Visitor: 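Encoded as structure tokens, here's the structure I'll be asking about.
Computed from a prediction, not measured in an experiment: that's the story for all the values here.
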Amino acid sequence: MVTQWRMRRGQGTRARTAVAVCAAGAALLAGCGGGEEIPPTATGTLEQLASKAHCKPSIGTDAEELRQANCSTDDGRYVLATFATDRGQREWINEANDYGGSYLVGRKWVAVGEPQVVAALRGRLGGTVETASPHHSSGSGADGGKEAGHSGHRGS
């Protein structure tokens, strides 16, 4: 009886170990993004980034602190913007987040487009994907669409 119990106990330990190893392997694979290779985050001017993204940019804004262009590739349309400073980039993203969308973010640059376009661009430019949900109200409700006390917004 003791021998059978020890055998079953040993089998249970091996089974638990096998399950733990499989779970760790699955977690590792999931963390790798399913085998998708992401290049190092690109750097450069608006034109250099556009070239790496396979886009001929149509410049819309050409200022010292912000350069912005519309791009269109086989993956879809998107906006590519470069910034003079990290702070200017973060302020732009924070304001744009109010409208929702998917953003591919690199050092002093952002690409904005549909999620599938941003995912395709990430394969060429690297970077980090940020997603924002719009949180502007339609204006209905007792407070006229304003959320009193909602962080990040000032009442007018």
Side-chain angles (χ1 to χ4, degrees), residues 17-156:
T17 301
V19 168
V21 168
C22 288
L28 183 61
L29 286 175
C32 293
E36 187 179 322
E37 290 204 27
I38 306 300
T41 301
T43 59
T45 65
L46 181 81
E47 289 80 7
Q48 291 167 334
L49 292 166
S51 177
K52 290 175 187 175
H54 307 149
C55 156
K56 183 177 178 185
S58 174
I59 306 290
T61 302
D62 194 3
E64 187 175 324
E65 65 280 352
L66 167 71
R67 296 190 72 219
Q68 189 169 300
N70 292 317
C71 285
S72 186
T73 65
D74 292 341
D75 300 312
R77 295 176 50 183
Y78 58 95
V79 173
L80 183 60
T82 57
F83 305 87
T85 65
D86 293 323
R87 180 178 176 177
Q89 175 188 21
R90 184 45 49 195
E91 288 173 354
W92 187 93
I93 291 170
N94 289 344
E95 285 187 32
N97 278 340
D98 285 344
Y99 302 99
S102 293
Y103 306 89
L104 182 60
V105 180
R107 177 100 200 285
K108 295 185 182 177
W109 62 265
V110 175
V112 184
E114 294 295 322
Q116 69 276 10
V117 175
V118 168
L121 284 173
R122 188 171 187 222
R124 291 188 218 104
L125 298 177
T128 304
V129 175
E130 294 185 20
T131 305
S133 297
H135 59 273
H136 283 283
S137 176
S138 64
S140 61
D143 63 356
K146 295 180 184 171
E147 297 174 325
H150 184 59
S151 66
H153 296 282
R154 285 176 253 184
S156 41

Visitor: For residues Ala96 and Tyr103, report the shortest heavy-atom separation together with the two atoms involved.
Guide: O-OH, 2.8 Å
Visitor: Between CG of Leu121 and CD of Gln116, what distance do you get to the nearest 0.5 Å?
Guide: 10.5 Å
Visitor: Quick check: closest heavy atoms across Ala69 and Leu46, and the distance to 0.1 Å?
Guide: CB-CD2, 3.8 Å
Visitor: Which heavy atom in Leu49 sits nearest to a heavy atom in Gly44, and how many Å separate them?
Guide: CD1-O, 3.8 Å
Visitor: Looking at Gln89 and Val110, what are the two nearest heavy atoms and their distance?
Guide: NE2-CG2, 3.6 Å
Visitor: Give, for atom CZ of Arg107 and atom OG1 of Thr128, the distance between the pair rounded to the nearest 0.5 Å.
Guide: 13.0 Å
Visitor: A side-chain contact here means heavy atoms from C-beta on lying under 4.5 Å apart; do Val112 and Tyr99 qualify?
Guide: no
Visitor: Please determine whether the number of non-hydrogen atoms from other residues, nucleotides or ligands lying under 6.0 Å from atom CZ of Arg90 exceeds 12.
Guide: yes
Visitor: Do Glu47 and Thr82 pass the side-chain contact (heavy atoms from CB on, under 4.5 Å) test, and can you show the C-alpha distance, the side-chain angles, and the key distance before you say yes or no?
Guide: CA-CA 10 Å; Glu47 289 80 7; Thr82 57; over 6 Å; no
Visitor: When rounded to the nearest 0.5 angstrom, what distance separates CG in Leu125 from NE2 in His54?
Guide: 9.0 Å
Visitor: Any chance you could measure Asp98, atom CG, to Ile93, atom CD1, to the nearest 0.5 Å?
Guide: 13.0 Å
Visitor: Measuring only between side-chain heavy atoms, which start at C-beta, is Asp86 closer than 4.5 Å to Lys108?
Guide: yes
Visitor: Given side chains that start at C-beta, do those of Arg77 and Val117 come closer than 4.5 Å, heavy atoms only?
Guide: no
Visitor: Where is the tightest heavy-atom contact between Cys55 and Tyr78, given as atom of each residue plus distance?
Guide: CB-OH, 3.2 Å
Visitor: Quick one: OG1 on Thr43 to CD on Gln48, what's the gap to the nearest 0.5 Å?
Guide: 7.5 Å
Visitor: Any donor and acceptor pair, going by atom type alone, linking the side chain of Arg124 with main-chain N or O of Lys52 inside 3.5 Å?
Guide: no
Visitor: Closest heavy-atom contact between Trp109 and Thr41?
Guide: CZ2-CG2, 3.9 Å
Visitor: Drop me the distance from Glu130's CD to Ser102's OG, to the nearest 0.5 angstrom.
Guide: 10.5 Å
